Student: 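Provided herewith is a single structure, encoded as structure tokens, for subsequent inquiry.
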Amino acid sequence: LSLIIVLGFALVLIGRIPELPSSKPILPGNFGAEIRTYILENFFPIVFLVASFIIGIFIEIYSLSIRRNISSLKVESWSGIVLGIFMFVSGIWVLTDSKVLSVFTTDYGGTLNKNAIVFISYISIMLLPIIFISFLQHIIKIGKILWIIDGLFTLNLFTFIILTIFYLSKEFYFLFLIIHHTLIYILMIIGTIYCIKSLRGTKDKQKKLLSRGVLMFMFFSGVAMIVFLFGFPHLYVIIYGMGFVIMIQYMIRLTVYKTLSTYNQSIKIELYKSIAYTDILTGIKNRNAFINEQYGNVVNKNTCCIVMDINKLKWVNDTLGHNYGDQLIRHSAKVIYDSFTDIGVCYRIGGDEFAVVCQNSDESAVKDTIEKMENLISAVN
């Protein structure tokens with residue numbers, strides 16, 4: 001897909017773009033000479049492009065930051081990355097499908113090729129369903145039918161690029177435009193049926209957000225088509241753009257909900273794991289952690305295991321009470337942890353038994369640490 005995009009824009013740069021059929025012919029003399037008139041007539045596409053790029057950049061930075069800093073959200077961060085790309089491409093499509101760029105074409109003395117603008121518009125509208133299905137892939141488990149449609153869109157886009165290379169006639173491209181729009185209608189019908197079924201009695205918030213967003217987009221798309229057929233092409237892009245705005249808003253909400261729910265779930269898993277592998281009395285790792293972590297350790301000449309216990313713990317419990325016994329265990333664990341934490345991992349493996357596993361430490365460093373521990377014991381006593 002990336003190669004297709006690169007190839008498409010390479011064709012634009014070298015100017016090898018045939019005359020393509022356009023729903024709104026780009027001709028000089030459509031605008032007033034004043035800049036104010038031009039901006040007013042093209043206000044929505046310009047604002048949509050700027051907003052989609054600013055929000056898209058913010059989403060990309062946010063998603064990449066999550067991917068880099070929170071390992072448990074690497075999969076979910078992809079949905080944000082794809083969402084940012086969707087916003088960029090939707091902004092490009094709204095811009096190129098309007099008449100904003102017309103004043104920069106060669107017909108006005110500019111440098112842009114009007115066929116290249118239509119070409120980029122084609123590429124954008126063909127990419128949007130592919131990117132949207134990719135977004136769904138990272139949010140929910142999509143069905144086989146969507147994978148098939150995704151493949152058809154990709155094949156259609158690839159065929160379009162190949163035909164452009166061979167510089168075929170306008171009528172041939174128009175045929176593929178019909179095929180592409182047919183695919184879009186099929187996708188809309190399937191999406192609408194899926195959304196209506198999903199909204200019936202479901203308590204899944206993800207499905208609700210997705211279904212409502214898709215249905216709203218379908219509604220605005222249908223209205224845009226009707227407006228276009230009744231001869232109001234200047235409203236077509238505005239209404240379609242409003243559909244994109246609503247759809248993107250639901251996609252953002254869905255991404256945030258998915259990210260937060262996964263993050264909360266990962267916190268719970270880490271908490272449960274911490275409880276399972278932490279000794280509650282001392283706060284250091286317990287016997288379960290000791291047994292589990294030794295499977296991954298490599299034993300060599302730089303590996304050292306120190307095992308120790310507390311003298312007369314039973315006497316303390318029997319004579320002074322278990323509260324004093326617990327205090328003795330806690331003080332002992334703190335001394336061991338403070339001594340060995342720089343060179344090893346400390347565990348409480350029994351009632352009065354402790355172990356320290358040192359990896360990549362030489363004998364002199366371990367002996368120095370044992371001496372440090374003995375000094376700490378004297379200081380505590």
Side-chain angles (χ1 to χ4, degrees), residues 62 65-77 256-381:
Y62 177 74
S65 176
I66 288 178
R67 182 171 178 79
R68 182 178 180 181
N69 298 311
I70 307 177
S71 57
S72 60
L73 295 178
K74 282 189 175 181
V75 175
E76 282 68 27
S77 65
V256 171
Y257 174 78
K258 177 72 173 178
T259 302
L260 290 178
S261 61
T262 304
Y263 183 65
N264 290 333
Q265 187 178 5
S266 67
I267 289 177
K268 290 180 181 179
I269 292 172
E270 289 299 320
L271 178 62
Y272 295 147
K273 189 183 293 184
S274 175
I275 293 172
Y277 292 110
T278 302
D279 180 59
I280 298 174
L281 180 62
T282 63
I284 64 175
K285 295 189 175 185
N286 61 15
R287 183 181 182 86
N288 291 333
F290 175 76
I291 294 172
N292 186 63
E293 292 177 8
Q294 300 323 302
Y295 289 110
N297 281 343
V298 177
V299 179
N300 53 37
K301 63 181 181 179
N302 294 324
T303 303
C304 173
C305 183
I306 305 160
V307 181
M308 62 201 89
D309 62 12
I310 302 172
N311 293 337
K312 298 183 181 180
L313 176 62
K314 186 178 185 304
W315 180 86
V316 172
N317 284 330
D318 294 342
T319 307
L320 302 176
H322 284 275
N323 286 337
Y324 280 92
D326 289 346
Q327 288 183 42
L328 178 57
I329 292 171
R330 282 195 291 267
H331 282 305
S332 300
K334 187 175 187 310
V335 167
I336 294 168
Y337 182 83
D338 290 345
S339 301
F340 287 97
T341 186
D342 291 335
I343 66 168
V345 183
C346 306
Y347 307 87
R348 182 187 177 200
I349 59 174
D352 64 343
E353 294 177 337
F354 297 86
V356 180
V357 178
C358 304
Q359 298 285 105
N360 304 316
S361 296
D362 56 33
E363 188 174 349
S364 62
V366 174
K367 287 184 175 180
D368 290 342
T369 306
I370 291 174
E371 184 178 348
K372 174 184 175 182
M373 182 185 71
E374 291 174 344
N375 293 332
L376 282 174
I377 290 172
S378 300
V380 171
N381 285 337

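These numbers were taken from a predicted model, which means no experiment stands behind them.
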Student: Would you please test Val335 and Val380 for side-chain contact (heavy atoms from CB on, under 4.5 Å) and show each step?
Tutor: CA-CA 8 Å; Val335 167; Val380 171; 3.7 Å; yes

Student: Side-chain contact, heavy-atom cut-off 4.5 Å: Arg330 with Leu281?
Tutor: yes

Student: Should we count CZ of Arg67 as having more than 12 external heavy atoms under 6.0 Å?
Tutor: yes

Student: Could you tell me which non-hydrogen atom of Asn288 sits nearest to which non-hydrogen atom of Ala276, and how far apart they are?
Tutor: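 Heavy-atom minimum between the residues: ND2-O, 3.5 Å.
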
Student: Measure the spacing between OG of Ser77 and CD1 of Ile66 and express it to the nearest 0.5 Å.
Tutor: 7.0 Å

Student: What distance do Ile284 atom CD1 and Tyr337 atom OH have between them, rounded to the nearest 0.5 Å?
Tutor: 9.5 Å

Student: Please examine the side chains of Met308 and Val356, heavy atoms only from C-beta on, and report whether any two atoms are closer than 4.5 Å.
Tutor: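 When only atoms from C-beta onward are counted, Met308 and Val356 do touch, with a gap below 4.5 Å.
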
Student: Check the pair Glu293 / Tyr347 against side chain to side chain donor-acceptor pair (under 3.5 Å), numbers first and verdict last.
Tutor: CA-CA 11 Å; Glu293 292 177 8; Tyr347 307 87; 2.6 Å; yes

Student: Is it true that, when you exclude Ile275 itself, more than 12 heavy atoms of the residues, nucleotides or ligands shown sit nearer than 6.0 Å to its CD1?
Tutor: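 Check passes, neighbour count above 12.
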
Student: Does Gln265 CD have over 12 foreign heavy atoms under 6.0 Å away?
Tutor: no

Student: Look up atom CD1 in Ile280 and atom CZ in Arg348, then write down how far apart they are to the nearest 0.5 Å.
Tutor: 10.0 Å

Student: Ile310 and Ser332: which non-hydrogen atoms are nearest, and at how many Å?
Tutor: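 Heavy atoms of Ile310 and Ser332 come nearest at CD1-OG, 3.5 Å.
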
Student: Looking at Glu353 and Ile349, would you say the former's side chain and the latter's main chain have a donor-acceptor pair under 3.5 Å?
Tutor: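 Answer holds: no.
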
Student: Kindly give the heavy-atom pair with the smallest separation between Thr369 and Ser339, and that separation in Å.
Tutor: CG2-O, 3.0 Å

Student: Between Tyr324 and Leu328, is any pair of side-chain heavy atoms under 4.5 Å apart?
Tutor: no

Student: Taking the side chain as C-beta and beyond, is there a heavy-atom pair between Ile291 and Tyr277 under 4.5 Å?
Tutor: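 Ile291 vs Tyr277: side chains apart.
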
Student: Report yes or no: does Arg287 contribute a side-chain atom to a donor-acceptor pair with the main-chain N or O of Phe290 at less than 3.5 Å?
Tutor: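 No; judged by distance alone, with no hydrogens or angles, the pair does not exist.
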
Student: What is the distance from atom CG of Asn302 to atom OG of Ser361, rounded to the nearest 0.5 Å?
Tutor: 7.5 Å

Student: Taking all atoms of both residues into account, what is the closest heavy-atom pair of Ala289 and Lys285, and its distance?
Tutor: CB-CB, 3.8 Å

Student: Do Thr303 side-chain atoms and Asn300 backbone N/O form a donor-acceptor pair below 3.5 Å?
Tutor: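 Here the side-chain-to-backbone pair exists.
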
Student: Considering all heavy atoms of both residues, which atom of Gly351 and which atom of Ile329 are nearest to each other, and what is their separation?
Tutor: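 So the minimum-distance heavy-atom pair works out to O-CD1, 3.7 Å.
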
Student: Do the side chains of Glu363 and Lys367 get close enough for a salt bridge, i.e. N-O under 4.0 angstrom?
Tutor: yes

Student: Are Val345 and Phe340 packed together at the side-chain level, in the sense that at least one heavy-atom pair is separated by less than 4.5 angstrom?
Tutor: no

Student: Might you point out which heavy atoms bring Cys305 and Val357 nearest each other, and give the distance in Å?
Tutor: SG-CG2, 4.3 Å

Student: Report the residue from Thr278, Asp279, Asn286 that forms a side-chain hydrogen bond (donor to acceptor under 3.5 Å, both in side chains) with Thr282.
Tutor: Asp279

Student: Check this for me, if you would: do Lys314 and Asp318 make a salt bridge, where the nitrogen-to-carboxylate-oxygen distance has to be below 4.0 angstrom?
Tutor: yes

Student: Rounded to the nearest 0.5 Å, what separates atom NE2 in His331 from atom CD1 in Ile377?
Tutor: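 Atom-to-atom, His331:NE2 and Ile377:CD1 are 13.0 Å apart.
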
Student: Step by step, would you call Ser261 with Asn264 a side chain to side chain donor-acceptor pair (under 3.5 Å)?
Tutor: CA-CA 5 Å; Ser261 61; Asn264 290 333; over 6 Å; no

